[in-house]
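Structure first, commentary second.
The analysis underlying the following values was restricted to heavy atoms, covering all of them including side chains, and did not include hydrogens, waters or symmetry mates. Just so it is clear, the model here is predicted, and its values are computed rather than measured.
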Amino acid sequence: MSNPPIHIKSKFWNSRLGWKLMASYFIVIVMGVITLALVAEMVVPSTFSRHVMEMEEIMGNGTDPARMAQLEADLYANYQSAFTEALTLAAVIAVVSAFLVSFLVSQRVVNPIRKLMHASRHIAAGYYDERVTVMSDDELGQLAHSFNRMAETLHQTEQLRRELIGNVTHELRTPLTSIKGYMEGLLDGVLPPTPDTFQQVYHEADRLQRLVNDLQELSRVEAGAFTLHRQFVAIGTVIQRIADRLHPQFDAKDVTLTLHVPENLPSVWADEDRLSQILVNLMGNALQYTPSGGKVTVSANRQGDELHITITDTGVGIPPEHLQHLFTRFYRVDKSRSRAGGGSGIGLTIARHLVEAHGGKIWVHSDGAGKGSTFGFSLPLRAI
């Protein structure tokens with residue numbers, strides 16, 4: 001068995017980013033100077049010899065060869081010395097200039113990153129209102145934009161968490177308070193131990209159990225902790241079965257349930273139980289907010305590679321400002337509506353997660369209060 005690779009971490013490369021940038025600039029300048037010196041050392045002799053030969057031709061052949069050789073040697077030595085001195089001075093000036101410029105540039109690069117670092121520490125400490133100033137449109141500016149979006153998302157998530165705790169507390173308190181009140185009445189002899197009294201206690205306990213089951217289901221679907229048992233499902237058969245199941249409730253409330261489902265619809269690759277759960281939630285929601293004498297219509301049709309199912313009611317309708325929040329857990333259009341009459345407030349959230357798990361989309365449309373509403377979702381016809 002081979003040994004795992006050993007990672008040797010340099011103390012320098014674990015230091016601050018500013019020094020790394022300055023070092024990188026300095027290394028580039030040093031390599032440039034070295035390259036310039038090496039090229040000069042290779043090119044200068046031949047270039048100098050060519051110029052000397054041109055001088056000899058100009059001066060003529062009468063010059064003493066020995067004196068000419070000595071003159072050439074002295075001239076080359078002086079030229080090389082002057083060139084080396086000029087190159088050294090230029091290198092020193094270049095290094096100093098590069099150091100100053102790299103310091104300024106590195107600070108401009110590092111300062112925004114340092115601000116992001118401080119802001120991220122505040123976010124980690126729970127101060128989700130922390131933001132950074134975007135100073136440019138480059139990669140650092142885009143990073144700042146992404147950080148601010150992340151901070152805003154975390155801030156909204158924290159608000160939703162607090163609202164969730166408050167909503168769950170309220171949802172649990174209501175039936176528990178009712179059960180406690182009935183039991184105190186029974187113990188004090190204020191309420192008679194009749195079947196009606198016990199039926200009320202049972203009703204509140206059943207309501208509490210449904211809420212706990214809904215919360216457990218919501219937790220599972222939001223975490224994706226469930227498995228879809230997909231098969232080819234005839235959507236018309238599923239809709240008809242759910243309609244038959246809910247018909248007594250529609251009849252009891254005097255709400256008409258109508259189905260518009262063509263017989264030649266293709267089968268969808270879906271989990272039949274989860275699909276039934278989606279339809280029960282949406283059709284039950286339509287029944288909940290449709291008054292007596294109203295109408296609920298379930299339609300299905302094929303659109304390209306998708307199957308669209310819509311549930312349209314003639315109920316209370318939804319104001320436009322509430323549409324985008326309807327699939328948020330515990331969200332209610334009418335805050336004053338009785339909890340007992342409005343359900344747990346998480347059925348639509350569960351439906352959204354189940355639809356998205358199938359690769360589909362869910363939506364809602366309403367022309368306003370008192371004008372009814374339409375909930376719809378799509379399912380892909382192809383297996384995904």
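- With a 4.5 Å cut-off on side-chain heavy atoms, Asn285 and Tyr289 count as touching.
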Worksheet item: Could you go step by step and tell me if His308 and Glu306 meet the side chain to side chain donor-acceptor pair (under 3.5 Å) rule?
Response: CA-CA 6 Å; His308 287 203; Glu306 294 181 337; 3.0 Å; yes
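- Between the Asp271 side chain and the Asp273 main chain, a donor and an acceptor come within less than 3.5 Å of each other.
- Between the side chain of Ser120 and the backbone N or O of Leu116 there is at least one donor-acceptor pair closer than 3.5 Å.
- Between Lys115 and Glu130 there is no salt bridge, since none of the side-chain N atoms of the basic residue sits less than 4.0 Å from a carboxylate O of the acidic one.
- For the residue pair Gln303 / Asn301, a side-chain donor-acceptor distance below 3.5 Å is found, with atom types taken as modelled.
- Within the 4.5 Å cutoff, side-chain heavy atoms of Thr258 are placed close to those of His260.
- Ionic pairing of Glu152 and Arg131 is present here: one or more N-O contacts between side-chain nitrogen and carboxylate oxygen are shorter than 4.0 angstrom.
- Contact check on Arg162 versus Glu158 returns a salt bridge, with a Lys/Arg side-chain nitrogen under 4.0 Å from an Asp/Glu carboxylate oxygen.
- Note on Leu275 and Leu259: same hydrophobic cluster, where clusters join Ile, Leu, Val, Met, Phe, Trp and Tyr whose side-chain heavy atoms are under 4.5 Å apart, directly or indirectly.
- Looking at Tyr128 and Ile123, their side chains come closer than 4.5 Å, going by heavy atoms from C-beta outward.
- Placement of Leu186 and Leu208 in two distinct hydrophobic clusters is found when ILVMFWY residues are connected by side-chain heavy-atom separations under 4.5 Å, directly or transitively.
- Across every non-hydrogen atom of Val261 and Gly236, the tightest pair is CG1-CA, 3.7 Å.
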Exercise for the section: Show your reasoning for whether side chain to side chain contact (heavy atoms under 4.5 Å, CB included) applies to Glu204 and Thr177. Expected result: CA-CA 9 Å; Glu204 293 298 335; Thr177 301; over 6 Å; no
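- Here the side chains of Lys253 and Leu287 are in contact, with some heavy-atom distance below 4.5 Å.
- Contact of the Met150 side chain with the His155 side chain is not registered, since no non-hydrogen atoms from C-beta on lie closer than 4.5 Å.
- When the side chains of ILVMFWY residues are joined at heavy-atom separations under 4.5 Å, either directly or via intervening members, Tyr182 and Tyr202 end up in two distinct hydrophobic clusters.
- In this structure, a donor-acceptor pair under 3.5 Å is absent between the side chains of Gln200 and Asp196.
- Using a distance-only test at 3.5 Å, with no hydrogens or angles considered, no donor-acceptor pair links the side chain of Ser378 to the main chain of Leu307.
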Checking Phe377 against Trp363 for the ring-ring contact (aromatic ring centres under 6.0 Å, His included) test, could you report, in this order, the C-alpha distance in whole Å, the side-chain angles of both residues, the deciding distance, and whether it holds? CA-CA 6 Å; Phe377 65 96; Trp363 62 87; 7.7 Å; no
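- Val296 places none of its side-chain heavy atoms less than 4.5 Å from the side chain of Met283.
- Proximity of Val298 to Thr310: side-chain heavy atoms (C-beta onward) are nowhere separated by under 4.5 Å.
- No donor-acceptor pair closer than 3.5 Å links the side chain of Asp313 to the backbone N or O of Gly372.
- From Ile318, atom CD1 reaches atom NZ of Lys371 across 13.5 Å, with rounding to the nearest 0.5 Å.
- Side-chain atoms of Arg352 and Glu356, non-hydrogen and from C-beta on, do get closer than 4.5 Å to each other.
- Between the side chains of Thr374 and Thr312, at least one donor-acceptor pair of N or O atoms lies under 3.5 Å.
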